[in-house]
Student: 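Have a look at this one before I ask anything.
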Amino acid sequence: MWNKVRQGCVLLFSGTFGLIWCWMIFTVLVSFNQSKKVCLLAAVLLVFFVLAVFLLKRYASGFWENEKIWLAGSGGILLLITAGLLYAGLSLRVFPGWDFGSSYLGAVELAEDGFFSEQSKEYFTAHPNNVALCLFLAGVFKAFGGLCDYITLGVLLNVFLLILGIGFLFLLVRQLYGVRSAFLALLLCALFAPFYMHTAIFYTDTFALPFVTGAFLVYRMREKNTGFLILAAAVLGVGYKVKGSLGVIVIALLIHIWLQKGKALELVKQSLLLLLPFLLTVTLLTVLPEQMSLLDAADKEKNEIPLEHWIATGLEGNGGYNWDIYWMTVSVEGKAAKKAVDRQYIREKLQEYGVSGMCRHLKDKIVFTWGDGVYFAPEKLKRDPLQESPLHPWVLYDGAQYGKTYRYCSAVHLLLLGGVLLSVVCTFLRKGEIREIQAVQLAVFGLFLFLLIWETRSRYLVNFVPLFILLGIDGGQEAARYLKTVFREKRNA
């Protein structure tokens, strides 16, 4: 009975996910500039890839079956990615602005003076979500600040974290699908241009990436020992303090645990092994900075922006950050007063939209979030660049070569979204079979729902890109397996 319920839930989820994702891809595709050229380029890239795989398997079977060659190739690609990230990051350095700049300046103050300026105190009491990031940066600046300037050091740290996250993806894919698929995952990362564009922006969008892939890698190890769930929880706890959207992964893993076969008591135990250490890690990383006396509790009560503010922001326009709503919130003093203002705005906005208006708003928000193949990087790179770079014509909106970058990145982004859809459709066709990849599907769908509610930006997707790649590989594997079965049946008929 319970097994049928699980299968029914998986079928319902994959069917719903698939329909929504199919509609989203169509909506995003229509919104692209030069959508015909983007589709054509995406088709060319896909055909080229399929043809390369076919020719390798048919005419280079010795190469195809040699695991050492694939491992050596993977190492080479990882080195090329590292070199590319270093070059792009150092060439495209900008002076940190917006929240990125506030976190950076606060870290510099702590590294050099040991305390915050009044301006930083005001910022971090209003935005306590960035305190953990600031302390992490400050520790790195304090330890390695003599090697180079702080901005360069931030870029180098960003490169390290990106490579770490990509390395975790390689290990995860190798465990799930073998070394050839792991090589493909690295190749896709190497071809994903926004990684290079975001390297100069050492902020939460990229810093969270190794915690995403690392959490799924450790979660996979629970099959050997359920104690690995504690480590996965700790990884997610730290990641959550870096980027709050990682909370959807915790929910996804908890749901996935309850989709597994096993006694209820064992499933409860696994759920607690994941949930309690996560909550403990988050609590410790919240309380410990408060004990350092860097910020005044009274100032925090007066300045802290409540969670409702980000929901209110997400209801305006395309759901992106909005200065009018920001000033509406900070114009009143005290967290309770700020909550009241934001909640009133949310109520009024929901009444103003109605059902049809809300649907139009959510459509605009989806296009704004999921329809940007460059992941908002040019907007950040154009602000206060430290130097002219040969890459600027390719990565800035007004660059002479930007149109080529836009079409390429949009085509790759479209293929990534298509890969997610393929994985979900294959899950549906398996008629509710429980698979490991469903944890990743749940997380991606959770992110989609979260960004429908929250303030949003396409750059918020960057740390989930490895999961899009993973789902694409899963979809490709399943599609290939299905086609082989069909051809075999036809031959035997």
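FYI, side chains are in, hydrogens and waters are out, and symmetry mates aren't considered; it's all heavy atoms of this structure. Just so we're clear, the structure is a prediction, and the values are computed from it rather than from any experiment.
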Student: Do S389 and L92 have side-chain heavy atoms sitting under 4.5 Å apart?
Tutor: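 With C-beta onward as the side chain, the pair touches.
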
Student: F207 vs L157, test: side chain to side chain contact (heavy atoms under 4.5 Å, CB included). Steps then yes/no.
Tutor: CA-CA 9 Å; F207 276 18; L157 175 62; 3.7 Å; yes

Student: Examine distances only and state if a side-chain atom of Y406 and a backbone atom of N33 form a donor-acceptor pair shorter than 3.5 Å.
Tutor: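 Yes, the answer is positive, given that a donor and an acceptor are paired below the 3.5 Å cut-off.
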
Student: Find out whether L85 and I81 are in side-chain contact, i.e. whether some heavy atom of one side chain is under 4.5 Å from a heavy atom of the other.
Tutor: yes

Student: Treating K365 as the side-chain partner and L452 as the backbone partner, does any N or O pair qualify as donor plus acceptor under 3.5 Å?
Tutor: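 Side chain of K365 to backbone of L452, a donor-acceptor pair under 3.5 Å: yes, one is there.
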
Student: So, Q344 and R347: side-chain donor and acceptor under 3.5 Å apart, yes or no?
Tutor: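 Per modelled atom types, Q344 and R347 side chains form a pair under 3.5 Å.
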
Student: Between atom CG of L461 and atom CG of L416, what is the distance when rounded to the nearest 0.5 Å?
Tutor: 10.5 Å

Student: Quick one: do K241 and N129 satisfy side chain to side chain contact (heavy atoms under 4.5 Å, CB included)? Show the steps, please.
Tutor: CA-CA 7 Å; K241 292 301 293 182; N129 56 299; over 6 Å; no

Student: State, yes or no, whether a side-chain contact exists between F202 and I151 at a heavy-atom distance under 4.5 Å.
Tutor: yes

Student: So, E316 and Y345: side-chain donor and acceptor under 3.5 Å apart, yes or no?
Tutor: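 Judged by distance alone, the side chains do pair up.
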
Student: Counting the benzene-type ring for Trp, do F168 and F216 have ring centres under 6.0 Å apart?
Tutor: no

Student: Identify the two heavy atoms, one from A200 and one from L381, that lie closest to each other, and give their separation to 0.1 Å.
Tutor: CB-CD2, 4.1 Å

Student: Taking all atoms of both residues into account, what is the closest heavy-atom pair of C409 and P194, and its distance?
Tutor: SG-CD, 4.1 Å

Student: Is there a side-chain contact between V420 and F17 in this structure, where contact means two heavy atoms from C-beta onward sitting under 4.5 Å apart?
Tutor: yes

Student: Look at the side chain of D296 and the backbone N and O of D299, then say whether any donor-acceptor pair between them is shorter than 3.5 Å.
Tutor: yes

Student: Working to the nearest 0.5 angstrom, can you tell me the gap between F183 CZ and L78 CG?
Tutor: 12.0 Å

Student: Let me confirm one number: the SG-CG distance from C134 to L110, rounded to the nearest 0.5 Å.
Tutor: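 These two atoms lie 5.0 Å from each other.
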
Student: Parallel, tilted or perpendicular: which fits the ring planes of H309 and Y321, with parallel below 30° and perpendicular above 60°?
Tutor: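 Because their plane-to-plane angle is over 60°, the rings of H309 and Y321 count as perpendicular.
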
Student: Side-chain contact, heavy-atom cut-off 4.5 Å: L137 with F141?
Tutor: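 SC-SC contact between L137 and F141 confirmed.
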
Student: Check this for me: Y397, atom OH, are more than 12 non-hydrogen atoms of other residues, nucleotides or ligands nearer than 6.0 Å?
Tutor: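 Atom OH in Y397 is packed in, count exceeds 12.
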
Student: Which atom names give the shortest non-hydrogen contact between A111 and A138, and what distance separates them?
Tutor: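 The answer is CB-O, 4.0 Å.
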
Student: Can any side-chain N or O of R343 pair as donor or acceptor with the backbone N or O of A340 at less than 3.5 Å?
Tutor: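 It does not hold such a pair.
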
Student: Report yes if the side chains of T213 and L172 come closer than 4.5 Å at any heavy-atom pair, otherwise no.
Tutor: no

Student: With no hydrogens and no angle check, do the side chains of Q441 and S423 hold a donor and an acceptor under 3.5 Å apart?
Tutor: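 Q441 vs S423: donor-acceptor pair found between side chains.
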
Student: Measuring only between side-chain heavy atoms, which start at C-beta, is Y177 closer than 4.5 Å to I437?
Tutor: yes

Student: Please indicate whether L265 has more than 12 foreign heavy atoms, meaning atoms of other residues, nucleotides or ligands, lying under 6.0 Å from its CG.
Tutor: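 Counting other residues, nucleotides and ligands, CG of L265 stays at 12 neighbours or fewer.
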
Student: Ignoring hydrogens and angles, tell me if any N or O in the side chain of E122 forms a donor-acceptor pair with the backbone of Q119 under 3.5 Å.
Tutor: no

Student: Give a yes/no verdict on a cation-pi contact between K349 and Y353, requiring under 6.0 Å between NZ or CZ and the six-membered ring centre and an angle within 45° of the axis.
Tutor: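 Judged by the rule (NZ or CZ under 6.0 Å from the ring centre, within 45° of its axis), K349 counts as positioned above Y353.
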
Student: Determine yes or no for a side-chain-to-main-chain donor-acceptor pair under 3.5 angstrom, with D372 supplying the side chain and V374 the backbone.
Tutor: yes

Student: Would you check if there is a donor-acceptor pair between the side chains of S458 and T369 at a distance under 3.5 Å?
Tutor: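 Short answer, no.
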
Student: Checking the side chain of Q260 only, and the main-chain atoms of H256 only, is there a donor and an acceptor separated by less than 3.5 Å?
Tutor: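 Checking the backbone N and O of H256 against the side chain of Q260, a donor-acceptor pair under 3.5 Å is found.
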
Student: Say you draw a straight line from OG of S31 to CD1 of I366; how long is it, rounded to the nearest 0.5 Å?
Tutor: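 Between atom OG of S31 and atom CD1 of I366 there are 11.0 Å.
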
Student: Tell me, with the steps shown, if L187 and S74 meet side chain to side chain contact (heavy atoms under 4.5 Å, CB included).
Tutor: CA-CA 8 Å; L187 181 60; S74 298; over 6 Å; no

Student: Closest heavy-atom contact between I255 and L442?
Tutor: CG2-CD1, 3.8 Å

Student: Any side-chain donor-acceptor pair under 3.5 Å between E109 and S120?
Tutor: yes

Student: Would you check if the side chain of S331 reaches a backbone N or O of M328 as a donor-acceptor pair within less than 3.5 Å?
Tutor: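 Looks like yes, one N/O pair under 3.5 Å.
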
Student: What verdict does the side chain to side chain contact (heavy atoms under 4.5 Å, CB included) test give for L176 and I473, after you've listed the backbone C-alpha separation in whole Å, the side-chain angles of each residue and the deciding distance to 0.1 Å?
Tutor: CA-CA 10 Å; L176 291 170; I473 289 172; over 6 Å; no

Student: May I ask you to decide whether D205 forms a salt bridge with R457, counting only side-chain N to carboxylate O separations under 4.0 Å?
Tutor: no

Student: Less than 6.0 angstrom separating the ring centers of F192 and F195, yes or no?
Tutor: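 Yes - the distance between ring centres of F192 and F195 falls below the 6.0 Å cut-off.
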
Student: Under 6.0 Å between the ring centres of Y375 and Y460?
Tutor: no

Student: Could you check N303 against Y123 for side chain to side chain donor-acceptor pair (under 3.5 Å), going step by step and ending with a plain yes or no?
Tutor: CA-CA 8 Å; N303 298 328; Y123 173 80; over 6 Å; no

Student: Run T427 and R435 through side chain to side chain donor-acceptor pair (under 3.5 Å) and show every step you take.
Tutor: CA-CA 8 Å; T427 294; R435 300 194 298 139; 3.0 Å; yes

Student: Closest heavy-atom contact between A185 and I469?
Tutor: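 In terms of heavy atoms, the two residues are closest at CA-CG2, 4.1 Å.
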
Student: Mark yes when over 12 heavy atoms from residues, nucleotides or ligands other than E388 sit less than 6.0 Å from its CD; otherwise mark no.
Tutor: no

Student: Once rounded to the nearest 0.5 Å, what's the spacing between atom CZ of R383 and atom CZ of F100?
Tutor: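 Between R383 CZ and F100 CZ, I get 11.5 Å after rounding to 0.5 Å.
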
Student: So, E304 and T125: side-chain donor and acceptor under 3.5 Å apart, yes or no?
Tutor: no

Student: When you check the side-chain N and O atoms of N158 and Y203, is any donor under 3.5 Å from an acceptor?
Tutor: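 Absent: no donor and acceptor within the cut-off.
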
Student: Can you find a pair of side-chain heavy atoms, one from I201 and one from W98, that are under 4.5 Å apart?
Tutor: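 They are in side-chain contact.
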
Student: Output the distance between atom OG (S102) and atom CZ (F124), rounded to the nearest 0.5 Å.
Tutor: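 It is 6.5 Å, given to the nearest 0.5 Å.
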
Student: Is it the case that the ring center of F278 lies less than 6.0 angstrom away from the ring center of Y240?
Tutor: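 Yes, close enough.
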
Student: With no hydrogens and no angle check, do the side chains of D342 and T329 hold a donor and an acceptor under 3.5 Å apart?
Tutor: yes

Student: With a 4.0 Å cut-off on N to O distance, would you call K335 and E301 a salt bridge?
Tutor: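 Looking at E301 together with K335, the answer is no, because their closest N to O distance does not fall below 4.0 Å.
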
Student: So, W370 side chain and M24 main chain: donor-acceptor pair closer than 3.5 Å or not?
Tutor: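 Here the side-chain-to-backbone pair does not exist.
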
Student: Any donor and acceptor pair, going by atom type alone, linking the side chain of K338 with main-chain N or O of K302 inside 3.5 Å?
Tutor: yes

Student: Cut-off 3.5 Å, side chains only: do T152 and R93 have a donor facing an acceptor?
Tutor: yes

Student: Tell me the closest heavy-atom pair linking V140 and L153, and the distance in Å.
Tutor: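 Of all heavy-atom pairs spanning V140 and L153, the closest is O-CD2, 3.8 Å.
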
